[in-house]
Amino acid sequence: MNTTEIVQQIINALALGSIYALLALGLAIVFSVMGVINFAHGELVTIAGYVMFVLTEHGVSWWAIMPAAVIAAALSAVAMERIAFRPVRGASVTTMLITSFAVSSFLQGCFLVFISPRPEPVPTPNWMNENLQIGSFQIQNVQLATAGVTAVALFLLVNYFKRFRSGIAMRAAAEDFETTRLMGARANRLFPAAFALSGALAGIAAIFWVGRLGTVEPTLGLDPVLKAFIATVIGGFGSLPGAVVGGFVLGGLEVGFAAFLPGSVLDFQTAFVLACVIGLFLIRPQGLIPAATVERA
Amino acid sequence: VSAIGDHWIARAIRGWLLLAALVGLAAGLIELLATPVDESVAMSAFIDMTLVLALQIFFGNSGVFSFGHTAFMAIGAYTSGLLTVPVALKLVLVPDAPSILRDHETGFIGAIAIAIILTGLVAFLFGVPILRLPRIAIGISTLGILLITNAVLLAATQITRGARPFYGVPADSTPAWIVSTAVVAILIARLFRESPWGLELRASREDELAATAMGVNVYRIRLFAWTLSGMLTGVGGVLYANYLTAFSPDQFYFSITFQIVVMLIIGGLSTVTGAVAGTILVSVLYEFLRRLENGFSIASLHVAGHVGLTQLAIGWLVIIVLIVRRDGLFGRWELDELIPRLVTQRHAIRRGQAMRAATSPEQQLELPRDA
């Protein structure tokens with residue numbers, strides 16, 4: 001394998017990793033603030049996907065579709081918090097995990113009943129699939145856009161977390177929720193804000209995820225949520241910077257194994273990646289960048 | 001030491017007899033009265049019961065969630081598939097499998113025995129590193145077990161046929177096998193729950209730090225419960241395989257995981273009674289919804305069904321139960337504890353009223369809730 005190919009693979013890994021980073025960050029925000037391992041995070045991607053499907057059907061421009069998908073996912077996340085998670089607030093992590101399981105099942109049922117069990121097409125705009133030639137490297141526009149948008153989103157998010165009162169409150173809540181409440185932060189504002197943020201990130205990820213697939217179906221959400229899950233575990237569960245790092249590490253592992261494994265064991269790629277993750281877990285149970293949280297029951 | 005003051009084995013057996021009698025009665029009635037279709041629904045429910053009870057042993061007593069049980073179920077199912085399919089068919093089904101697997105068959109009982117050993121071994125080996133982790137981390141790691149097992153089942157095509165269905169498994173899971181396994185599972189689950197180890201594990205569920213401080217070796221008991229639970233799940237997987245006779249890896253993934261968890265949650269995960277009742281209730285509900293999905297007719301009016309109704313309704317139901325009655329229908333009490341409790345509770349209320357009537361407000365004592 002020559003240098004060009006290696007650089008090409010690194011580009012692929014960065015593009016894939018940035019989608020995982022967005023998804024993982026969304027999962028981590030909600031977990032660290034509210035203690036919810038949100039298994040229904042993937043359904044937010046599906047919802048954004050269906051919004052894209054409906055709007056493309058009506059010939060809406062992609063410049064309008066993209067923000068619409070993000071807003072739809074954010075609003076759905078807020079609704080999720082209000083309807084399902086707020087009533088079980090303060091329950092054990094396990095109870096909330098099962099609640100999110102149920103939300104996921106409920107939403108998938110809704111997609112099946114009210115939309116369609118079949119995959120629906122989401123035609124991606126041509127610019128996404130065109131290649132950009134830089135020297136001897138081929139970069140798909142969608143890869144470039146993914147990496148660029150992720151960078152911008154992360155930059156904005158870091159600023160929000162550093163400069164804004166609610167952002168600081170959210171980081172504080174991630175470390176110690178009770179104390180943050182005592183400092184005057186209101187749970188009923190903080191939780192919807194966390195969910196909205198997580199939904200918006202899922203919406204951004206959905207644009208690229210669905211854009212790459214070209215279709216949306218009721219079970220679409222499973223894959224993204226699993227990747228996000230694994231990425232957050234790699235980075236340290238509940239750690240926000242960890243989630244981002246974990247996303248890129250996972251992207252790197254997947255692309256690396258796909259590129260370097262011999263064809264005969266390529267089918268085992270997923271198993272290899274997961275074995276690496278479990279191996280890491282045994283050496284560093286807290287993940288790469290451990291979360292500074294007070295232990296939750 | 002229980003309030004009743006008798007030995008834990010006696011308590012376990014008493015509770016087992018009560019539940020086993022009810023389950024046996026239900027099975028007998030089904031055998032006598034049900035149509036073949038209804039009977040097959042009931043038999044799947046009894047297989048689920050074994051799986052739910054197995055999950056209860058670990059998840060119910062320890063409070064640690066596990067995705068891994070579906071993996072043990074899959075291992076049980078594929079083990080039995082590979083061991084019970086006749087050699088002649090295996091030459092067609094898995095021609096490239098290692099000859100020790102391809103050229104031998106063990107029969108059903110042998111398959112059960114080997115599945116128990118194998119799932120026990122796998123559970124133990126996964127359990128040793130994982131169960132030392134903090135509680136949330138264990139739950140997440142068990143997700144890894146499920147994902148890895150699924151990936152291996154899909155990739156090891158020479159042995160498992162990959163994504164293609166594994167078929168031709170002899171239908172050795174007779175109603176007698178299925179029901180008696182469920183009854184034995186009730187006994188095992190109840191014995192473990194009442195045993196000193198079960199009590200210690202339940203204590204760790206409520207407060208891990210306090211239990212550890214009282215001298216409970218939480219890791220060791222979790223490992224025991226996990227392995228026991230894994231073995232029983234493996235048996236459930238064997239029954240499943242030899243009942244369906246054909247299956248593929250996607251049957252051992254998230255939808256069955258959710259289904260089994262729902263059964264346990266709705267009934268109440270901390271009791272064996274809850275596991276049994278939840279299985280029956282949710283099975284009936286699933287079947288009802290499945291028929292609704294296919295459409296139904298009232299008089300001459302035909303209502304078209306809709307795929308997805310089951311998921312929608314079950315998801316909604318679980319959310320409601322978790323909001324309104326988080327401990328499930330049976331809460332924290334077994335059936336055999338609940339019956340005398342209801343009687344004494346009525347006594348206590350009456351006593352309380354009498355006392356309140358007889359004493360002045362300053363002298364009034366508040367009765368403890370569990371008196």
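Naming: A, B, ... by sequence-line order, numbering from 1 per chain. All of these numbers come straight from a predicted model, not from anything done at the bench.
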Peer 1: Can you check whether anything in residues 75-84 of chain A gets within less than 4.5 Å of chain B, heavy-atom wise, and list it by number?
Peer 2: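 Listed by number: A:Ile83, A:Ala84.
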Peer 1: Contact part of B:Ala156 toward chain A, heavy-atom cut-off under 4.5 Å: side chain, backbone, both or neither?
Peer 2: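 Both backbone and side chain of B:Ala156 come within 4.5 Å of chain A.
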Peer 1: Report, as yes or no, whether the 6.0 Å neighbourhood of atom OH on B:Tyr219 holds more than 12 heavy atoms from other residues, nucleotides or ligands.
Peer 2: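 For B:Tyr219, atom OH is crowded (more than 12 foreign heavy atoms under 6.0 Å).
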Peer 1: Please state whether the side chain, the backbone, both or neither of B:Ile265 comes within less than 4.5 Å of a heavy atom of chain A.
Peer 2: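 The side chain, not the backbone.
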Peer 1: Among B:Leu147, B:Asn150, B:Val318, which residue forms the greatest number of heavy-atom pairs with chain A at distances under 4.5 Å?
Peer 2: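 The candidate making the most pairs under 4.5 Å is B:Leu147.
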Peer 1: Quick check on the interface: out of A:Pro87, A:Pro218, A:Ser104, who has the most heavy-atom pairs with chain B under 4.5 Å?
Peer 2: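 Heavy-atom pair counts peak at A:Pro87.
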Peer 1: Heavy-atom distances under 4.5 Å only: say whether B:Ile319 touches chain A with side chain, backbone, both or neither.
Peer 2: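 B:Ile319 touches chain A through backbone and side-chain heavy atoms alike.
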Peer 1: Is A:Val113 close to B:Leu309 at the side-chain level, that is, under 4.5 Å between some pair of heavy atoms?
Peer 2: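 When only atoms from C-beta onward are counted, A:Val113 and B:Leu309 do touch, with a gap below 4.5 Å.
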Peer 1: Quick one: what part of A:Phe114 sits under 4.5 Å from any heavy atom of chain B, side chain, backbone, both or neither?
Peer 2: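 The side chain, not the backbone.
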Peer 1: Is it true that a side-chain atom of A:Thr94 and a backbone atom of B:Phe65 form a donor plus acceptor pair closer than 3.5 Å?
Peer 2: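 No: the side chain of A:Thr94 does not pair with the backbone of B:Phe65.
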Peer 1: Ignoring hydrogens, what is the shortest heavy-atom contact between B:Ala151 and A:Ala271? Give both atom names and the distance.
Peer 2: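 Shortest heavy-atom separation between B:Ala151 and A:Ala271 comes out as CB-N, 3.9 Å.
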Peer 1: Can you label the angle between the B:Phe258 ring and the A:Phe101 ring as parallel, tilted or perpendicular, going by 30° and 60°?
Peer 2: tilted
Peer 1: Working to the nearest 0.5 Å, report the span between CD1 of B:Ile148 and CG of A:Leu274.
Peer 2: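 The CG atom of A:Leu274 is 5.0 Å from CD1 of B:Ile148, to the nearest 0.5 Å.
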Peer 1: Write down the atom of B:Arg326, the atom of A:Ala91, and the distance for their closest heavy-atom approach.
Peer 2: NH1-CB, 3.1 Å
Peer 1: For B:Phe254 and A:Phe39, I'd like to know if the aromatic rings sit close, meaning centre-to-centre distance below 6.0 Å.
Peer 2: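 Centroid separation for B:Phe254 and A:Phe39: below 6.0 Å.
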Peer 1: What part of A:Val88 is in contact with chain B, defined as an atom under 4.5 angstrom from a non-hydrogen atom: side chain, backbone, both or neither?
Peer 2: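 Both the backbone and the side chain of A:Val88 come within 4.5 Å of chain B.
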Peer 1: Please flag which part of A:Phe272 lies under 4.5 Å from any non-hydrogen atom of chain B: side chain, backbone, both or neither.
Peer 2: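 Neither the backbone nor the side chain of A:Phe272 comes within 4.5 Å of chain B.
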Peer 1: Side chain to side chain contact (heavy atoms under 4.5 Å, CB included) between B:Trp316 and A:Val103: does it pass, once the steps are laid out?
Peer 2: CA-CA 7 Å; B:Trp316 178 78; A:Val103 172; over 6 Å; no
Peer 1: Side chain, backbone, both or neither: which part of B:Leu143 has an atom under 4.5 Å from a heavy atom of chain A?
Peer 2: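 Contact with chain A: side chain only.
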Peer 1: How many angstroms lie between CZ in B:Arg135 and OG in A:Ser92, if you round to the nearest 0.5 Å?
Peer 2: 7.5 Å
Peer 1: As an exercise, state the distance from OG1 of B:Thr310 to CG of A:Leu112, rounded to the nearest 0.5 Å.
Peer 2: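 Separation between the atoms: 9.5 Å.
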Peer 1: Just wondering, are more than 12 heavy atoms of other shown residues or ligands nearer than 6.0 Å to CG in B:Leu209?
Peer 2: no
Peer 1: Heavy-atom pairs under 4.5 Å with chain B are the metric here; pick the option from A:Leu107, A:Ile37, A:Leu226 that has the most.
Peer 2: A:Leu226
Peer 1: Quick check: closest heavy atoms across A:Phe106 and B:Leu312, and the distance to 0.1 Å?
Peer 2: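 Heavy-atom minimum between the residues: CD1-O, 3.3 Å.
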